[in-house]
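Worksheet: one structure, shown below.
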Amino acid sequence: MILELILLFLQPLLFMHTDAARHHGNISLASQKAALLHWKVTLQSSQPLESWLQGTNPCNSNWTGVACDFVQCAHCASFLAVTNISLPDANIDGRLGELNFSALPFLTYIDLRFNSLEGEIPPAIASLSGLSYLDLSGNSLHGHIPSEISSMGHLSLLNLNYNNLKGRHIPASLGNLTALVDLYIAQNMVTGRIPAELRKLTSLEYLGLSSTLLTGPIPEYFGNFTELLSLQLDSNQLSGTIPLSVGNLSKLSNLTLNTNQLRGPISPSLWNQTNLIYVDLSENQLVGSIPRMISDLVDLQFMYLSENQISGSVPETFANLTSLRQLDLFSNMLSGPLPQEFSYLTNLTWLSLANNSFTGQLPSDVCKGGILEVFHVAVNMFTAPIPRSLKNCTSLMSLYLASNQITGDISNFGPYPNLFYANLERNKLHGHLTKTWASSINLTMLSMAENRINGSLPAEFSNLVKLEVLLLHTNNLTGKIPPELSNLTNLYQLNLSCNQLSGNIPPELSQMTKLQNLDLSVNKLSGSIPQELGSCTKLESLIINHNSLSGHLPASFGNLGNLQVVLDVSNNKLTGELPVQLGNLATLELLNLSHNQFNGNIPSSFARMISLTALDVSYNNLEGPLPVGRLFHNASITWFLHNKGLCGNLSGLPLCPSTPIMEHHKGRVHILVLYIFVPLSIVVILSSISVALIIYQSKRPQKTTATHIIDVLSVWNFDGKLAFEDITRATENFSDGYIIGSGGYGTVYKAQLQGGRLVAVKKLHPSEADMSDEKTFLIEIEVLTKIRHRSIVKLYGFCSHPRYKFLVYDYIERGNLHAILGNEELAKEIDWQKRVAIARDVAQAIYYLHHECNPPIIHRDITSNNILLDAAFRAYVSDFGIARMLKPDSSNWSELAGTYGYIAPEFSYTSVVTRKCDVYSFGVVVLEIVMGRYPTELQSLASMGKHQELLIDDMLDRRPSSPTVVEKKEIALLVGVAFACLQTSPQFRPEMQDVYQKLALRKSHSSFASPSITLTPEEIREV
C-alpha cells in the first residue's frame, strides 16, 4: 500500500522528467538506464552490478553505486537524473569506452578506482562538462591522457594513479583545469618535463606525480601553489636542486622528493614550512648539513633523509621535534656525538642512524617514551654502555647495534615480547646470557657474536621456537651445549664457534631437521661425533674442526647429500679408516680431514666427488695409492704431506710400486717371448690395417661429410654404469605414464634409476633437439653441470642420441610453484613464512647465476613453472639448461626468450636479453607468491609503488592464515622489492645482488629501510 502511494506521488514527477527530456536532446531517465545496462552487458560478471536490472528504475530502486538527483534546466522544471556512479573496488572488468557518456550528461561524480578497466580513456568522457570528480586510479588503462579532458572545467579531482598511461609528457592542456584541487598521475609511464602550463593550477591542494619517468628540474613556479598540502614527486628522474620557492608553501604537510637525482644542499627555506608532517628526501645526492632551524618543524612526525651525502653533526635543537615518530638518517656522512636531547623524542617508534660516523654514547633515555619499535645504529663508532632505557623497552621489534664499540652488561636485558630481529654483534658487550633473553619468544634472528660474553648457554633458549638464526661465535662461552636446543626445529644457521664449550656434541641436534649451517669449531668439545648428525640432511656446511673429538668419522655423513660448501673435521683426534660413503657427497667443494689419526687408504669413491676443489688429508697415517680422477691429477702436494705411505703419479709423492718380479728363470723366458712375439704382432696388425684402409678408400664416395653421433650420456654416473638405456628403461621408453610436466622446451618425465635415485628427465621437443651447433651447446652444458647452489636444481648432464635428446636433473618432490598455488589445500600449507622464504631462495639463486658464475648466466625464463618446491616447500630454480651465458661484450640475441607474461617489456622492441630481464621476471613471480595467483592486473599493480602499504591487504592470498604483524612487514618488503623489479625502464630496476641483500636474512639495514608511508589526503586532513 505504501509503495503504491509513493508511485502515485512520483508519477507527476516522471511526467515532468519526460517533458524535460524533450528539452535535452531526448535524454531521458530511460535512455540513461539503457546506457548503463548496455555497459553492464559488455563487462565481465560483477556482483555489485547484479542489482542493475532491466525492469527497475536506477533512481527509485537500489542500483548499487548509482545515485540520482534533481537537475535544473533553463526552460523546464527540475527533474531526476543519474548524477553519481561510485563503484570502487567492485571487480569491474571491461572497457570504460563502452559506456555512452553522451547519454549521461548530468554526471557530476565518477569513482571507479581499483577495478580492472582496460583500454584507453575515451575522449568522449570530456562531454561530461559538469563533472567535478573523476577517479580512475588502480586500473589497467593505457594509451595517452586525452587532451580533451581540459574542457571539463568543473573538475576538482582528477585521479589517474596506478594505470599504464604513457606519453612523452603530461598534457599541457591540463593547465586549463583551473578548478582542480586534487591532481594525481602517479605510477604511470609519462615521461618528459613537468609542463609550464601547470602553473595556472593555483587552487591545487594535492599534487601526486610520483613513480613516473619525469625528468628535468622541479619548476620554480611550484612556489605559487600556496594552497598545497601534499606534494609527491618521488621515484622519478628529477634533477637539479630543490627550488627556494618551495619555502613559500606554508600550508604544506606532506613532501616526498625521494628517489630522484636531486643534488646540492637542502634549501634553507624548506625548514620554514612549519606545518610539515611528513618529509622524505632520501635516495638523492643532497649535501650540506642539518640546520638548527629544523626545530621550527614542531608538527613533524616522519622524516627520511637516508642515502644522501649529508654531513656535519645532528643539532641539539632536534629536541624540539617532540612529535617525531620516525627518523631515518641511514647512510650519510654525519659525525660527532648525538645530542642527549634525543631523549626528549618520546614519540619515536623508528630510529635509524646506521652507516654514519657518529661517536660518543647513545642517548641514555632513547626509549623513554616506551614505544620504540625499530632501533638501528649499526656501523658507527658509538661507545659507552647500551642505553638504560632499552632494558625496559618492551615495544622493540628490531634492534640493530652491530659494528660499534658499545659496552655494557647484557645480562639483565629484556624480555622483549615483540622483538623478532636482534643483532648486537661486533661490540664490546660482556656479562652472560640469561633466560630473560629466552623470553623473547618471537625472535627469528639473534646475533651476539664477536663480543666478550661469558657463562653458559642457557637451556631455556630452547623456548625460542621461531628462531632461524643463532650466532654466538667468538665469545667466551663455557659449559656444555644444551641438548634442549634440539627444540629449535626452525633453526637453519647455528654458529657457536670460537668459544670454550666443552663436553660432547649432543646427538639430539639431529632433530633440527632444517639446519643448513652448523659451526662448532675452535672449542673444547670431546667424545665421538654422533652418528645421528647424518640425519641432518639439509646441512650445506658442517665445521667442527679444532676440538678434541675422537673415534671414527661417522659413515652416516655419506647421507648428507646437500653438503656443498665445506666439511671440516680437521685438528681433532679422529681415528680409523675414512668412510667409503663420503664419496656420495657429490656437491661438496671443500673437504678437510687433516691433523687427525686416520689410517688405511683414501677410498677410491672419493674420485666421484666431482665438485671438490680442495681435499686436505695431511698429517694423518694414510697409505696406499691416490684414487684415479680429475681432482688427483691437479692436486696440491700439500694436501697429502705427513702421512704413512701415500703414493701416486703426483709431483712430490713416490710412485706406487709395480707388481713384484717373478722368479729369475721365468723372467728370462718372458723377455725372450716378448722379443719374438711383439714385433711379429705389430707386423700383422699394421698389415691388416693397411688392407682395411685400401678396401675402405675404394668403396668411399668422392664427396662425403663425416657425421659424428654422440651415443653416450654426458652425465655424472650415479653408479658408474648409467647410460642411455638406463633412462629409457626407467621411463619405459618415455611412456606417458611417467610424464610429470611439460614446458616450452620439452616434456618432463620422472625416472627412478637402478640405485634408487629419482631424477627428472626433460626430453627436448624435436625443434629444440635439432641444434645447429651441438658442439657449442655441449660445451655450455658442461659449464652448467658445474653449477652448485642449494636453491638451483642440479643439472647432471645432457644426452644426445639419434632417437632422443634430453637433460637430466635432480628430482624435486612437490613440483612447480604454479601448480601448487593452484591447489587449494597445498596453497594453505604455504604460509607466509614459507612464502617469504621461497622468494628469498629464488632471489639467492638468480643472484648466484648473475654475480657468482663466471661468465655470468642469464636464466631467461624465470616463471612460477620453473620454481620447484621440495617436501618442506623449499624453493629451487630449474630449467636453465638452455640458458645462454652472458658475455661481457655482447648479449644481443634475436631469438625470443622467456614466457609470455613474465618477459620484460623492453625485449619486445630491443631483442636484447640482459640480467635486468631476469629481474623483471622475478618481480612478477614475487607478486604471484604474495597474491597466490598470476597477477593478471600486472601493469596496474606494478604502478602501485612502494608508498601504497594500504593496498597490500587487498592483494594478499586469503588461503593461508592471516599474517602476523612481523609477517606483514616482511610482505610489505616483498611487495616493495617486486615493484622495484617491475620498473618499466630496466635502468631503474635493481641488480639481483641488491635484491638478494635486501631480502637475505633480514640482516642489513636494507631489510628495514624507510617504510615510506605517504599520507593520504584523508589522513592529512585528520592530522
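Going from atom CG of D519 over to atom OG of S497 covers 4.0 Å, rounded to the nearest 0.5 Å. Within the model, atoms OG of S323 and CZ of F302 stand 10.5 Å from one another, a figure rounded to the nearest 0.5 Å. Atom-to-atom distance recorded for T434:OG1 and E460:CD is 9.0 Å, nearest 0.5 angstrom. With rounding to the nearest 0.5 angstrom, the CZ atom of F979 is 11.0 Å from the CG atom of L974. A distance of 12.5 Å separates OG in S306 from NE2 in H376, rounded to the nearest 0.5 Å. Annotation: the span from T474 atom OG1 to N495 atom CG amounts to 7.0 Å, rounded to 0.5 Å.
The two residues P554 and P530 make their nearest non-hydrogen contact at CG-O, 4.0 Å. Here the closest heavy-atom approach between residue N475 and residue N499 is recorded as C-OD1, 2.9 Å. In this structure, L563 and S541 approach most closely via the heavy-atom pair CD2-N, 3.6 Å. Closest approach of L471 and M445 over heavy atoms only: CD1-CE, 4.3 Å. Residue P960 comes nearest to W832 through the heavy atom pair CB-NE1, 4.0 Å, listed as atom of the first residue, atom of the second, then distance. Taking all atoms of both residues into account, the shortest heavy-atom contact from D957 to G932 is OD2-CA, 3.3 Å.
Side-chain contact of S556 with Q531: a donor-acceptor pair under 3.5 Å is present, judged by distance alone.
Counting heavy atoms from C-beta on, the side chains of Q500 and N476 come closer than 4.5 Å. In this structure the side chain of L433 reaches within 4.5 angstrom of the side chain of L472, judged on heavy atoms. Between L470 and Q493, every side-chain heavy-atom pair lies at or beyond the 4.5 Å cut-off. Considering only heavy atoms from C-beta on, R426 comes within 4.5 Å of S403 through its side chain. Looking only at side-chain heavy atoms (C-beta outward), D365 and R388 come within less than 4.5 Å of each other. Between L868 and L817 there is no side-chain heavy-atom pair separated by less than 4.5 Å. No side-chain heavy atom of Y876 sits under 4.5 Å from any side-chain heavy atom of I867. Between L590 and L567 the shortest side-chain heavy-atom distance does not fall below 4.5 Å.
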query: Going through the distances and angles, do T575 and N596 end up as a side chain to side chain contact (heavy atoms under 4.5 Å, CB included)?
result: CA-CA 7 Å; T575 58; N596 280 288; over 6 Å; no
message: Walk me through whether V569 and L593 qualify under side chain to side chain contact (heavy atoms under 4.5 Å, CB included).
response: CA-CA 6 Å; V569 299; L593 306 171; 3.6 Å; yes
- request: For M303 and D328, run side chain to side chain contact (heavy atoms under 4.5 Å, CB included): C-alpha distance rounded to whole Å, both residues' side-chain angles, the deciding distance at 0.1 Å, then the answer.
  value: CA-CA 6 Å; M303 182 175 183; D328 191 352; over 6 Å; no
message: Test side chain to side chain contact (heavy atoms under 4.5 Å, CB included) on V465 and I441; report intermediate values, then the result.
response: CA-CA 7 Å; V465 293; I441 57 174; over 6 Å; no
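Formation of a donor-acceptor pair under 3.5 Å by the N380 side chain with backbone atoms of N356 is found in this model. Distance alone, capped at 3.5 Å, places no donor-acceptor pair between the N584 side chain and the L582 backbone. The backbone N or O of K428 lies less than 3.5 Å from no partner atom in the side chain of R452, so there is not a single donor-acceptor pair. Using modelled atom types, no side-chain atom of N559 and backbone atom of F557 make a donor-acceptor pair closer than 3.5 Å. Between the side chain of N427 and the main chain of E425, a donor-acceptor pair closer than 3.5 Å is present. One N or O on the side chain of N451 and one on the backbone of A449 form a donor-acceptor pair closer than 3.5 Å. In terms of modelled atom types and a separation under 3.5 Å, the side chain of N523 and the main chain of S521 share a donor-acceptor contact. Under the 3.5 Å distance criterion, the side-chain polar atoms of N572 are matched with a main-chain donor or acceptor of L549. No side-chain donor-acceptor contact under 3.5 Å links S440 to the backbone of L443. Under a 3.5 Å cut-off, the side chain of N423 and the backbone N or O of L446 do not form any donor-acceptor pair.
Here salt bridge (charged side-chain N to carboxylate O under 4.0 Å, His left out) pairs that include residues 528-548, with residues two or more places apart or in two chains, are K538-D870, E540-R790, E540-R874. Every pair tested for disulfide (SG to SG under 2.5 Å) that includes a residue from residues 398-492 fails, sequence neighbours excluded, so the list is empty. Applying the ring pair (Phe, Tyr, Trp, His ring centres under 6.0 Å) definition to pairs two or more places apart or across chains, those involving residues 425-460 are Y416-W437.
Of the candidates K466, E468, K514, K514 is the only one forming a side-chain hydrogen bond (donor to acceptor under 3.5 Å, both in side chains) with N490.
Ring pair F382/F358 is parallel by interplanar angle, where below 30° counts as parallel and above 60° as perpendicular.
R325 is linked by a side-chain hydrogen bond (donor to acceptor under 3.5 Å, both in side chains) to Q301, counting only residues two or more places apart in sequence or in another chain. When the ring-ring contact (aromatic ring centres under 6.0 Å, His included) test is applied to H851, the partners found at least two apart in sequence or on another chain are Y847.
Residues F375 and Y400 place their aromatic rings such that the two centres sit no closer than 6.0 Å.
Crowding of Y344 atom OH: a count of heavy atoms from other residues, nucleotides or ligands under 6.0 Å not exceeding 12. In K834, the NZ atom is crowded: over 12 heavy atoms of neighbouring residues, nucleotides or ligands sit closer than 6.0 Å.
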Under 3.5 Å donor-acceptor pairs involving side-chain atoms of residues 501-513, not counting sequence neighbours:
from: S510; atom 1: OG; to: P507; atom 2: O; distance (Å): 2.9

